[in-house]
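Here's the structure we're looking at; comments come further down.
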Amino acid sequence: MSEPETKKVFDRYLKREVLGEGTYGVVYKAIDTKTGQKVAIKKIRIGKQKEGVNFTALREIKLLKELKDSNIIELIDAFPHKGNLHLVFEFMETDLEAVIRDRNIVLSPADIKSYIQMTLKGLAFCHKKWVLHRDMKPNNLLIGPRGQLKLADFGLARLFGSPDRRFTHQVFARWYRAPELLFGAKQYGPSVDIWAAACIFAELLLRRPFLQGNSDIDQLGKIFAAFGTPKPSQWPDMVYLPDYMEYQYVAGQPLRTLFPMASDDALDLLSKMFTYDPKARISAQQALEHRYFSSGPLPTEPASLPRPAPKKDAANPQDGPARLSTGWSAELNPTDGPTVLSPPRKSRRVMPNRDGFDGNPQSSDRMDGNNYDIRQAGGERSEHAAMSLDFSVLGARPPNRPTINSADRTHLKRKLDLEFIQPEED
Ligand SMILES: Nc1ncnc2c1ncn2[C@@H]1O[C@H](COP(=O)(O)OP(=O)(O)OP(=O)(O)O)[C@@H](O)[C@H]1O
């Protein structure tokens with residue numbers, strides 16, 4: 001790291017320690033000298049672009065800056081510098097993954113209700129504005145000093161492309177993917193976030209990730225083993241999805257068996273959030289109006305929610321993502337997959353592995369007697385499908401997209417209210 005970089009980030013932000021490294025790059029703690037507040041700066045690698053940052057990206061960022069709600073992390077500022085885009089967010093103390101994993105924390109039904117209500121409120125707000133999250137998972141649900149839960153990374157999947165699931169810390173995101181995405185849907189909507197929220201709801205109830213697939217095929221197998229293989233009558237569009245494969249029929253398990261401690265209202269809402277057909281899946285707003293939230297016990301006030309001690313101030317990015325260090329996540333190594341013997345394709349029938357439905361990610365690689373390499377049969381397949389929807393505005397760009405040259409900068413600075421710093425040579 002160069003000397004000036006460790007001191008001041010472009011006058012306004014005083015850079016402090018590294019908080020961690022995620023899909024898009026390193027995150028730093030910093031002090032906003034304008035407000036005196038702590039902030040988190042996400043430095044996103046965009047490479048050197050002589051012509052400047054793409055206009056479409058900046059327009060999207062401007063939209064994200066306007067996405068203000070008490071359950072959404074505020075994007076305070078954004079600026080490109082030295083081949084990186086810096087996104088400045090309000091600073092948060094911890095996240096929902098840390099809450100779920102902390103064995104010293106007891107989560108009452110009212111606490112779970114509160115966390116899931118705040119999640120749905122954040123989703124409802126963004127969905128109303130036609131913004132999808134697409135990468136919901138417990139470590140993207142950040143928690144502030146007064147217990148308020150806020151959704152982080154909204155819109156980033158669309159802006160910067162689907163995260164590359166080949167990276168170790170990305171394999172967990174599969175566990176929250178909706179079945180239509182796993183079947184390669186190219187057109188999808190807010191219902192993908194609802195499925196993910198249902199997985200998070202389930203995780204709060206079970207205190208472990210609910211459906212831990214180790215490939216996309218295995219993920220669908222886990223889903224079907226839990227809820228039953230969907231019949232076309234249940235989800236008519238399923239058979240037309242690009243990566244659709246016929247799975248052997250298995251009956252679902254009663255939700256009461258899967259979640260023995262949950263109330264009837266919680267199970268009813270869960271079943272509506274876990275509906276296979278995305279068109280029939282409950283919306284965030286409808287979910288908030290479900291009787292689960294009005295019947296007792298009422299949701300705990302955010303300030304009274306149990307939460308872990310704030311994260312240590314310093315973190316070493318060399319250590320890799322925190323979740324690999326302990327608990328269930330260390331069990332899953334994406335390179336441990338068996339080898340592909342035949343390319344899995346549409347005509348093949350797949351057996352949901354009921355035996356493997358035990359929450360143990362290592363126990364269910366086997367599918368239909370064949371072995372499949374999870375690197376091939378897994379994430380990459382549908383990741384590419386999902387990416388085809390993305391405009392990868394900051395990476396390899398399609399032709400004819402307008403970019404910002406130096407003449408545009410003054411105008412755009414005024415128009416977009418973004419701070420521009422001329423990219424420098426390293
Ligand atoms: N607004 C924030 N306030 C405080 N810490 C943050 C904030 N945003 C991110 N962090 C922390 O920075 C680290 C990296 O975050 P980032 O969101 O880039 O990746 P991640 O959540 O660990 O993984 P992924 O990229 O898969 O979502 C994490 O430890 C995260 O908790």
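Counting starts at 1 for both ligands and their atoms, following the listed order. All values derive from a computational prediction rather than experimental measurement. Scope of the values below: all heavy atoms of this structure, side chains included, with no hydrogens, waters or symmetry mates.
- When non-hydrogen atoms are compared, ligand 1 lies under 4.0 Å from the side chain of Asn140 (C-beta onward) but not from its backbone.
- Less than 4.0 angstrom separates some heavy atom of Asp153 from each of these atoms of ligand 1: 17 (O), 27 (O).
- Residue Val27 holds the heavy atom nearest to atom 12 (O) of ligand 1 of all those in Val27, Leu142, Val18.
- Heavy atoms of Lys29 come nearer than 4.0 angstrom to ligand 1 in no pair at all.
- Not one N or O on the side chain of Glu203 forms a donor-acceptor pair closer than 3.5 Å with the backbone of Phe201.
- Aromatic ring centres of Phe224 and Tyr276 lie closer together than 6.0 Å.
- Taking every non-hydrogen atom of Ala40 and a distance limit under 4.0 Å, the qualifying atoms of ligand 1 come out as 1 (N), 2 (C), 3 (N), 7 (C).
- Ionic pairing of Arg101 and Glu97 is present here: one or more N-O contacts between side-chain nitrogen and carboxylate oxygen are shorter than 4.0 angstrom.
- Considering Glu97, Met136, Lys42 only, the shortest heavy-atom separation from atom 17 (O) of ligand 1 involves Lys42.
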Working for salt bridge (charged side-chain N to carboxylate O under 4.0 Å, His left out), residues Lys42 and Asp153: CA-CA 10 Å; Lys42 196 168 273 197; Asp153 288 355; 2.5 Å; yes
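- In this structure, Lys137 is part of the shell of residues with a heavy atom less than 4.0 angstrom from ligand 1.
- The side-chain contact (heavy atoms from CB on, under 4.5 Å) search around Pro109 returns Pro297, not counting sequence neighbours.
- Using cut-offs of 30° and 60° on the angle between ring planes, the pair Phe210 and Phe259 is tilted.
- Considering backbone and side-chain atoms together, Glu21 places no N or O closer than 3.5 Å to any N or O of ligand 1.
- Side chain of Thr275 to backbone of Arg281: no donor-acceptor contact under 3.5 angstrom is found.
- The contact set between ligand 1 and Phe91, taken as ligand atoms under 4.0 Å from a residue heavy atom, comprises 3 (N), 4 (C).
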